[in-house]
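Here the structure is laid out as structure tokens; the discussion comes afterwards.
Here, residue 1 is the first one in the sequence, and each next residue gets the next number. In this text the structure is predicted, and so the values were computed from the model without any measurement.
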Amino acid sequence: MPQTMQIKRSVCDRLWSVATGMATTIIIAALAVAQALGPAAAQNQTSGLYDELKEFVQLDYLGMGSENHITSPTLFADRIDYYGKRQIRRDTMMRKRLAYYDKWPVRSYIMLADTFRVAERDADAVDITFTYRFEVANEDRRVGGLGRTNLTVRLDDDGGFTITRETGKVIERF
């Protein structure tokens, strides 16, 4: 499928999910307008989704480790593929995450410029990869380095995002 068609399809799919509950005639009209405006308008819509996803990762996903972690479960699906384990329960994954938070009560994660990548997985999910600098510490120790994370994020009907897969690795320590 040509790039322009993929972009238009992605925009149309996103419009559909946001417009859930609206009259079918409004949806058809919106799709017709998007097609009539051409690739430039589609690129702007795709860029908007890219920016929303980047903000989600920077503020919600990376930011959750630095403050109160009580809200972090809301970012994840009920079942998640987590570091090689398939479809584990969110509460199981959160126990591991909370143990990490307890081990390293001081945490900082900063995404490196120009490393954020988004690839369409299907009509309502994307794969995201990025590199980040981390620093974690406790009373006895400080560790820092670079890490690489891979996420699959579902685009929810209400315009939000839910993480359904998380993997990654430390690529350098300092």
Side-chain angles (χ1 to χ4, degrees), residues 1-15 17-18 34 37-77 80-84 93-94 96-98 100-101 103-138 141-156 158-174:
M1 182 181 304
Q3 175 99 13
T4 304
M5 292 301 291
Q6 286 176 339
I7 291 171
K8 285 182 182 177
R9 179 173 178 249
S10 177
V11 170
C12 291
D13 289 344
R14 188 72 175 149
L15 285 172
S17 70
V18 171
L37 291 174
Q43 183 61 43
N44 287 340
Q45 289 293 331
T46 302
S47 177
L49 178 58
Y50 175 90
D51 292 342
E52 287 178 45
L53 288 164
K54 189 172 185 180
E55 184 175 290
F56 169 76
V57 168
Q58 288 177 313
L59 299 180
D60 296 330
Y61 175 76
L62 290 176
M64 76 179 165
S66 61
E67 294 181 13
N68 185 344
H69 57 259
I70 300 302
T71 59
S72 59
T74 63
L75 301 179
F76 298 94
I80 179 171
D81 294 344
Y82 190 69
Y83 289 88
M93 180 270 307
M94 283 307 302
K96 294 176 187 216
R97 198 171 212 92
L98 295 176
Y100 176 83
Y101 292 166
K103 179 180 179 179
W104 303 106
V106 178
R107 299 173 298 280
S108 172
Y109 308 96
I110 300 170
M111 185 186 310
L112 298 182
D114 301 324
T115 66
F116 186 77
R117 303 284 182 266
V118 177
E120 184 177 347
R121 177 177 274 271
D122 57 40
D124 44 339
V126 295
D127 290 323
I128 296 173
T129 60
F130 60 92
T131 303
Y132 61 97
R133 180 186 172 114
F134 69 91
E135 191 169 322
V136 296
N138 59 31
R141 197 168 153 208
R142 185 195 76 66
V143 178
L146 296 177
R148 182 104 178 134
T149 294
N150 305 294
L151 303 172
T152 297
V153 176
R154 182 179 65 226
L155 310 175
D156 298 330
D158 65 0
F161 307 114
T162 302
I163 299 168
T164 61
R165 181 183 62 92
E166 178 180 359
T167 65
K169 64 181 180 176
V170 173
I171 55 178
E172 181 180 351
R173 291 190 191 273
F174 34 79

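- Remark: Asp124 CG to Thr164 OG1 distance equals 10.0 Å, nearest 0.5 Å.
- By the 4.5 Å heavy-atom criterion applied to side chains, Leu112 and Leu146 are counted as neighbours.
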Q: Decide yes or no on side-chain contact (heavy atoms from CB on, under 4.5 Å) for Leu49 and Val118, but give the supporting numbers first.
A: CA-CA 10 Å; Leu49 178 58; Val118 177; over 6 Å; no
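- Residues Asp127 and Thr152 have side chains in contact (heavy-atom distance under 4.5 Å, counting atoms from C-beta outward).
- Residues Ile128 and Tyr61 are not in side-chain contact: their nearest non-hydrogen atoms beyond the backbone lie 4.5 Å or more apart.
- The minimum heavy-atom distance linking Lys96 with Tyr82 is given by the pair CD-CE2, 4.3 Å.
- Between the CZ atom of Arg154 and the CZ atom of Arg165 there is a distance of 14.5 Å, given to the nearest 0.5 Å.
- Summarising the geometry, atom CZ belonging to Arg133 is positioned 13.5 Å from atom OG1 belonging to Thr115; distances are rounded to the nearest 0.5 Å.
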Q: Please test Phe130 against Leu62 for side-chain contact (heavy atoms from CB on, under 4.5 Å), starting from the C-alpha separation and ending with a verdict.
A: CA-CA 11 Å; Phe130 60 92; Leu62 290 176; 3.9 Å; yes
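- Minimum heavy-atom separation, Pro105 to Asn138: CD-CB, 3.7 Å.
- For the ring pair (Phe, Tyr, Trp, His ring centres under 6.0 Å) test, no residue two or more places apart in sequence or in another chain qualifies with Phe134.
- Remark: Phe76 CZ to Leu151 CG distance equals 7.5 Å, nearest 0.5 Å.
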(Q) Run Val126 and Leu53 through side-chain contact (heavy atoms from CB on, under 4.5 Å) and show every step you take. (A) CA-CA 9 Å; Val126 295; Leu53 288 164; 3.9 Å; yes
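- From Phe161, atom CZ reaches atom CD of Glu55 across 9.0 Å, with rounding to the nearest 0.5 Å.
- Distance check: Tyr83 OH to Thr167 OG1 gives 6.5 Å after rounding to the nearest 0.5 Å.
- Using a distance-only test at 3.5 Å, with no hydrogens or angles considered, a donor-acceptor pair links the side chain of Arg107 to the main chain of Tyr101.
- Looking at Asp156, its side chain never comes within 3.5 Å of a backbone N or O of Asp158 through a donor-acceptor pair.
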